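Here is the structure we will look at, set down as structure tokens.
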Amino acid sequence: MTELLAPAGNVEALDAAIGEGADAVYLGLKTFNARLRSSNFAWREFEAAVESLHKMGRKIYVTVNTVTEECETERLYRFLGYLNKIGPDGLIVQDFGVVRMCQEFFPNLELHASTQMNVESADAANLLSAQGLKRVVVARELGLQEIEKIKQNTNAEIEMFVHGALCVSESGLCQFSSFLGGKSANRGMCTQACRRIYNTDMYGAEKHGYYFSPCDLQLIDHVPELMKLGVNSFKIEGRMKSAEYVGAVTAAYRYVMDHWETDRKGSLAEGHRILSTDFARTKTDYWYGFKEIPEGVDCAGQKILNPNQAGGTGIYLGKIKSVRDATSAEKKEYSSIVKNLSEDADGIKDVAIQMALLEGGSYDPDPGDSIRLHRKDDSGRESHKVRLVKPDEKERRWIDIPKSFKQEDSVYLLQTKAMSKRYKRVLPPDLSRYRKQPGPEKLPVLDLTPLAKKELDWFPEGTYVEVSTIADAHTVQMLHPVRVIIELNNETVYDFMHKDMPEKPLLPYSKKMIFIALDPFLAEGTADEFKKTLDVLLEHGYKNYVVNNLAQITMLRNQKDVHLVAGPYLYTFNRWAVSFLENQNIMAVQMPFENSEKNLSETFENATERSRVLVPVFAYPALFRMRFKLPKDYDFTFFTDKEGMSFKVNSTADGSFVMPEAPFSIIEKMESLKSKGWKHLLIDFSKTKTSKADLKDLLSIMNRRLHIEGSSKFNWKDGFYDPEKMQAYQASNARAAQARRDTAGNAKKKKAKR
């Protein structure tokens, strides 16, 4: 029987999900989850939820689906120990380090592979199943036939998203938000770069559009087929959505799941009727309906992208025509309604609302309606529930909105009050007896596996260079790489597979000098052909590979004399993740592009450990990786954001890739890195073209140890954005400013006394 799994971003959404018949819910706590901007659950609430749901015969899964830095592993260990005591039905995880830590210390915790783990094939699912994971949440970029084939060829349970927001990038591979300021999607801090408005030059004119903002997924029409396939769990996206939304979507899918066998047409009609209250983005079934993979690559982009669709959602209510301060009486009324602000004078003063007049829409919001506001400059958006509607003398309706919005900002309707329902509370009214929290336990020291003598002879010290074409492999000879990495793609695969044809140029390197880099996205629909390609490459004598997907490990790790480097998309942000890969017989790793020098150094502490790491010093990292070509009317290569930062997009038979126009570079630090034990350095030209002139300039910069003007250091210097550190920093600045004001005030008083 297929499980219906609903999101619970807060207590109210939990009530709605269970009230509408969800078999299970998934939720996050205040840490280590990929929706840190949702309300999430406090310790007491979570403990009570587990007990209450288990009494009801329902299940509860906890999201622990972010990558963890080395300095956080002890806190992670304590958190996992806490979860082990509470006993949820499963943990949804991304980081291999979490898997490894649970294997070592908490084997009773059931693990599910998050969609962020980038699983889209039976081979990947089987590797995780062999490592003790019970369920995999497959990537959203898959079609019906691919889901069917995975289900037929794995013992792992299959969970899949059926409704809600989509990422434009392939699951777990987006780096755009992180590149813009360390707010990593892999850390629960995504700032939704795909939802932003961008500027392009098309047909000789400047154009503006939401070029990468995808529609929302809706697979309700495919529920019967998916249930027939035996999919174990249907997952609804939406831990940042309202309780009304969660309730409506859960009710729709519950109805279809329960009634399609006796009345398919009628149940689907009723499901659509219930979903008619979902005022989110345009709906799509994305990768469903394509007969062949090439058709999907050609057409999927047209199905999910709409450049005229604002980054937010809902029915357009108009723009803010005027704003005014809320009166004291209005603040007091608002405070009383929401019941979470004091009614004394200080409380009233702190109510963060103003009153606004809207113009241009066809519906006037009422108290209880949920709206979403979008800033005119696309710098942000916020959901808000209307509490006050105050007519003026001209009978114009003023509504309360957050203080941070201004004239000309847009407003959309998400839900009306009429759609709201009151649900029975899941949690007991008194939570005082629920007192468990993570304890003070110390994480045992983990030693990485010592290297045997000559174990990494195939991985010599020196400069590595990566390219995407055979022509560029010739060009980069002038950099004198100790090894060259050639990306396997639709262009180079022909050269590799037909190497003996006289008209094809010979590679200017011996096979032992060549590493073949494999794409991080390996879907079930292309897996058989990919295996055949690997067989030919192995037969031709290519033995060195950079693997970026779990399925590739399955295919290659037991091949004789084959050497594997874990690529940047098999994220190794901590020693426990490295240890997991060691257990797959992978001893060398490439640093993830998002990493920082501090965390890299803490993960690999000494020269012996550092001798296993390939560190990128120059690259154009892919910020979005999309499993489709861009729509035909996307006639542009370069685009800019509102800050004027430039990016470029390549649309190819392998999919589409967005990269920064300026490179990531720490070229000037190469000698310093070598002195610290980082003696395997990578210059990465993948997804871009090289020329002899550019290489001469780069050589000059390297020799003179110069900084590349305009380049980015990504997160190398500052690391990931840390909201706790930022709050502490802001609080420290506020205290310092107050101290200066106090000093200045005291000085004035002394002067006045004189």
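Only a predicted model underlies this, so the values are computations on that prediction, with no experimental measurement involved.
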> Which of these, Asn574, Asn186, Thr572, sits in a side chain to side chain donor-acceptor pair (under 3.5 Å) with Asp95?
Replying inline: Asn574
Please answer whether the main-chain N or O of [Y] pairs with a side-chain N or O of [X] as donor and acceptor at a distance below 3.5 Å.
X: Glu120; Y: Leu522; result: yes
X: Asp400; Y: Leu388; result: yes
X: Arg387; Y: Pro367; result: no
X: Tyr253; Y: Phe234; result: no
X: Asp369; Y: Asp366; result: yes
X: Ser177; Y: Ala185; result: no
X: Gln94; Y: Thr115; result: no
X: Ser276; Y: Arg273; result: yes
X: Ser171; Y: Gln116; result: no
X: Lys149; Y: Ser121; result: no

>> Taking Glu225 first and then Arg264, would you say they form a salt bridge - that is, a charged N and a carboxylate O separated by under 4.0 Å?
In response: yes
What's the separation between atom [atom1] in [X] and atom [atom2] in [Y], rounded to the nearest 0.5 Å?
X: Met626; Y: Cys167; atom1: CE; atom2: SG; answer: 12.5 Å
X: Asn10; Y: Leu27; atom1: CG; atom2: CG; answer: 10.5 Å
X: Asp258; Y: Glu270; atom1: CG; atom2: CD; answer: 12.0 Å

According to side-chain contact (heavy atoms from CB on, under 4.5 Å), who are the partners of [X], at least two apart in sequence or on a separate chain?
X: Ala16; result: Ala243, Tyr423
X: Ala251; result: Glu20, Ile274
X: Tyr316; result: Lys319, Ser410, Tyr412
X: Pro402; result: Leu373, Glu382, His384, Ser404, Phe405

> Step by step, would you call Phe105 with Trp576 a ring-ring contact (aromatic ring centres under 6.0 Å, His included)?
Replying inline: CA-CA 12 Å; Phe105 303 112; Trp576 292 87; 5.7 Å; yes
Are any non-hydrogen side-chain atoms of [X] and [Y] less than 4.5 angstrom apart?
X: Val223; Y: Val162; value: no
X: Val93; Y: Ser114; value: no
X: Ile371; Y: Leu317; value: yes
X: Leu83; Y: Val64; value: yes
X: Asp89; Y: His54; value: yes
X: His163; Y: Glu237; value: no
X: Glu45; Y: Val11; value: yes
X: Thr284; Y: Gln218; value: no

> Are Arg625 and Tyr569 in a cation-pi setup, meaning NZ or CZ lies under 6.0 angstrom from the ring centre and within 45 degrees of the ring axis?
Replying inline: yes
> Does Lys303 count as lying over the ring of Phe290, i.e. NZ or CZ under 6.0 Å from the six-ring centre, within 45 degrees of the axis?
Replying inline: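 Yes; both conditions hold, so Lys303 lies above the ring face of Phe290.
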> Residues two or more places apart in sequence or in another chain: which of them pass side chain to side chain donor-acceptor pair (under 3.5 Å) with Ser579?
Replying inline: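 Side chain to side chain donor-acceptor pair (under 3.5 Å) check on Ser579 returns Arg100.
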>> Restricting to salt bridge (charged side-chain N to carboxylate O under 4.0 Å, His left out), what partner residues turn up for Lys55, sequence neighbours left out?
In response: Glu51
> Who pairs with Glu69 by salt bridge (charged side-chain N to carboxylate O under 4.0 Å, His left out), at least two apart in sequence or on another chain?
Replying inline: Arg187
Atom of [X], atom of [Y] and distance for their closest heavy-atom approach:
X: Ser52; Y: Leu427; answer: OG-CA, 4.3 Å
X: Ser213; Y: Arg195; answer: OG-NH1, 3.2 Å
X: Ala6; Y: Thr250; answer: CB-OG1, 3.6 Å
X: Arg44; Y: Arg435; answer: NH2-CG, 4.5 Å
X: Cys215; Y: Arg281; answer: CA-CB, 4.5 Å
X: Lys385; Y: Ser370; answer: CE-OG, 3.6 Å

> Do Thr68 and Phe573 pass the side-chain contact (heavy atoms from CB on, under 4.5 Å) test, and can you show the C-alpha distance, the side-chain angles, and the key distance before you say yes or no?
Replying inline: CA-CA 6 Å; Thr68 305; Phe573 288 100; over 6 Å; no
> Which is it for Cys194 and Phe176 under the side-chain contact (heavy atoms from CB on, under 4.5 Å) test, yes or no, and what are the steps along the way?
Replying inline: CA-CA 8 Å; Cys194 57; Phe176 209 143; over 6 Å; no
>> Just to verify, which of Arg627, Lys151, Arg140 counts as forming a salt bridge (Lys or Arg N to Asp or Glu O under 4.0 Å) with Glu146?
In response: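 Output: one option passes, namely Arg627.
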>> For a side-chain contact (heavy atoms from CB on, under 4.5 Å) check, start with the C-alpha distance between Arg422 and Asp15, then their side-chain angles and the critical distance, and finish with the verdict.
In response: CA-CA 9 Å; Arg422 294 187 67 85; Asp15 296 339; over 6 Å; no
Not counting sequence neighbours, which residues clear ring-ring contact (aromatic ring centres under 6.0 Å, His included) with [X]? List them please.
X: Phe106; answer: Tyr77
X: His272; answer: none
X: Phe46; answer: none

>> Is it the case that the ring center of Tyr82 lies less than 6.0 angstrom away from the ring center of Trp43?
In response: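 Yes, they do, as the ring centres are separated by less than 6.0 Å.
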>> side-chain contact (heavy atoms from CB on, under 4.5 Å), that's the test. Do Phe628 and Tyr286 meet it? Break it down for me.
In response: CA-CA 11 Å; Phe628 51 78; Tyr286 195 13; 3.6 Å; yes
> In this structure, which one of Asn65, Ile92, Val99 forms a side-chain contact (heavy atoms from CB on, under 4.5 Å) with Met117?
Replying inline: Val99
>> Applying salt bridge (Lys or Arg N to Asp or Glu O under 4.0 Å) as the test, list every pair that has at least one member in residues 156-165; sequence neighbours left out.
In response: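 For residues 156-165: Lys134-Glu157, Arg135-Glu157, Arg135-Glu159, Glu159-Lys235.
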> Pairs in or reaching into residues 109-154: which pass ring-ring contact (aromatic ring centres under 6.0 Å, His included), with residues at least two apart or in two chains?
Replying inline: Tyr61-His112
